[in-house]
Amino acid sequence: MKNKLQILLWGMVSASLLIGCGASANSAAEVNSKSEAIQTEEESSESEIPSEEPVSRDIFAMDTYMTITAYGENGEAALDAGETRINELDELLSTGSESSEVTLLNQKGEGVLSEDTKHLMEASLTLYEETEGAFNIAIYPLMSLWGFPTQEYKVPTDEEIASILPVTDLTYLNYEHVTGEVIFEIDGMAIDFGGIAKGYTSNSLMEIFKENGVEHALVNLGGNVQTLGTKPDGSFWNVAIRTPDDTGDILCVVQVADEAVITSGGYERYFEEDGVTYHHILDPKTGKPADSGLTSVTIVSQNGTIADGFSTAMFVAGKEKAIELWRSSSEDFEMVLVEDDGSISATEGLKDRILSDFEIEIVS
Ligand code: AMP
Ligand code: MG
């Protein structure tokens, strides 16, 4: 039976748990956004010999500061392969590159997708259906209207928005699954995988690491975290979710293994005009920054691609709809929702592995 249960989680986050957040993860979060999920290292003082040593690398790609960490003797080789993969996906998916597959598709209005873009297209179309249009890759012409891709921001008029909205109708995108052929059936259509690409990338890094014989790894792509296995000592990874404000305080910690922890929030990218803040996650229904009453959405899932897509979509959908979509979804994922008034709710799969000094409403 679906019911709501209020629980209090007082004082469960000990100071020692929060000490020693990885420096690179911290700096990525600071440069990239005000509030994101970051890794916390909980190295027990009692643990004697670490079973495997980690190696880490900082990378700037996809407009994002990233840190990738792998454990064990194959770590360096895995990081090399991981870095190559990140750059490959960046070149394929970047709307900022003149030669990326996505840019060429947007220019020509048709094309045949490569394996990676096919996968992203299919995941995006499924998410569009599942989220009743809240996740929409055809949002790109509106992103451009608001000036997000070029950072030449402006607040468009209602008439301008109304004139662009029709080309963001994803039903005009004709996709042939077998051949990977795409045709835009309306002039002016353009797509952007920005709401899902980092999750796909972190997911893909897990595969690369496994192929390279790594069993324990953690990647942080601008605050979007994905983990491979447990920590080498068999315990959970602790991933902190920060408050969506200027303080950078930690809101809660989720314990995960073999999962992605991906957060969306308006604070990640925004501009201000006449005292009003306009952020980068648009509601496809209005063509304006989503104003759903949520300040951040974190998705925990074994599938990084799904986690990323849903984090964006649920931010647009708002709490009530997000919970409805979570209940009815065929996908396996959990959520942490933070509302404008600071209240936090989490889905029941996280009940025994979310630690916080704040009150958390558990939703089932
Ligand atoms: P994220 O940080 O994963 O929530 O992704 C935000 C990015 O997704 C934006 O910068 C846009 O590139 C893109 N985006 C914005 N609104 C939407 C939307 N409603 N559906 C899909 N992608 C979106
Ligand atoms: Mg996303």
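Keep in mind the model is a prediction, meaning the values are calculated, not measured. Quick note: numbers below take in every heavy atom, side chains included, and nothing from hydrogens, waters or symmetry partners. For ligands, and for the atoms within them, numbers begin at 1 and follow the listed sequence.
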Protein heavy atom at shortest distance from atom 1 (P) of ligand 1
Thr312 OG1, 3.3 Å

May I ask you to identify the nearest protein heavy atom to atom 20 (N) of ligand 1, giving residue, atom name and distance to one decimal place in Å?
Asn136 N, 2.9 Å

Counting heavy atoms not belonging to Lys154, are there more than 12 under 6.0 Å from its NZ?
yes

Quick one: the OG1 of Thr312, the Mg ion (ligand 2), OD1 of Asp308 angle, rounded to 10°, please.
170°

Ligand 1 N/O within reach of Leu282 N/O, cut-off under 3.5 Å
yes

Within a distance under 4.0 Å of any heavy atom of Asp192, pick out the atoms of ligand 1 and give their elements.
11 (C), 12 (O), 13 (C)

the protein heavy atom lying closest to atom 15 (C) of ligand 1 turns out to be His280 O, 3.3 Å

Nearest-neighbour protein heavy atom for atom 2 (O) of ligand 1, which is reported as residue plus atom name and distance:
Glu268 OE1, 3.2 Å

Would you kindly specify which portion of Arg269 sits under 4.0 Å from ligand 1, judged on non-hydrogen atoms: side chain, backbone, both or neither?
neither

With heavy-atom distances below 4.0 Å as the criterion, list the atoms of ligand 1 near Ala134.
18 (C), 19 (N), 20 (N)

Determine whether the side chains of Asp58 and Thr67 contain a donor N or O and an acceptor N or O closer than 3.5 Å.
yes

Classify the side-chain pair Ser343/Glu359 by whether it contains a donor and acceptor separated by less than 3.5 Å.
no

Closest protein heavy atom to atom 5 (O) of ligand 1, given as residue, atom name and distance to 0.1 Å:
Gly195 CA, 3.4 Å

Does a donor on one side chain and an acceptor on the other come within less than 3.5 Å for Ser100 and Glu91?
no

Among non-hydrogen protein atoms, atom 14 (N) of ligand 1 lies closest to Ile139 CG2, 4.0 Å

Could you tell me whether the side chains of Ser202 and Gln226 share a donor-acceptor contact shorter than 3.5 Å?
yes

Side-chain heavy atoms of Ser329 within contact of Phe333, under 4.5 Å
yes

Shortest protein heavy-atom distance from atom 4 (O) of ligand 1, along with the residue and atom involved
Ser264 OG, 2.6 Å

Would you say the side-chain atoms of Glu98 and Thr103 include a donor-acceptor pair closer than 3.5 Å?
no

Distance-only side-chain donor-acceptor flag, Glu272 / Tyr153, under 3.5 Å
no

If you measure from atom 3 (O) of ligand 1 to every heavy atom of Thr263, Thr131, Asp308, which option wins on shortest distance?
Asp308

Is it true that Thr201 and Ser204 share a donor-acceptor pair across their side chains at a distance under 3.5 Å?
no

Using a strict cut-off of 4.0 Å, indicate which atoms of ligand 1 neighbour a heavy atom of Pro284.
19 (N)

Look at Phe310 and state whether any of its N, O or S atoms is less than 2.8 Å from the Mg ion (ligand 2).
no

Hydrophobic clustering (ILVMFWY, side-chain heavy atoms < 4.5 Å, transitive) - are Ile183 and Leu173 grouped together?
no

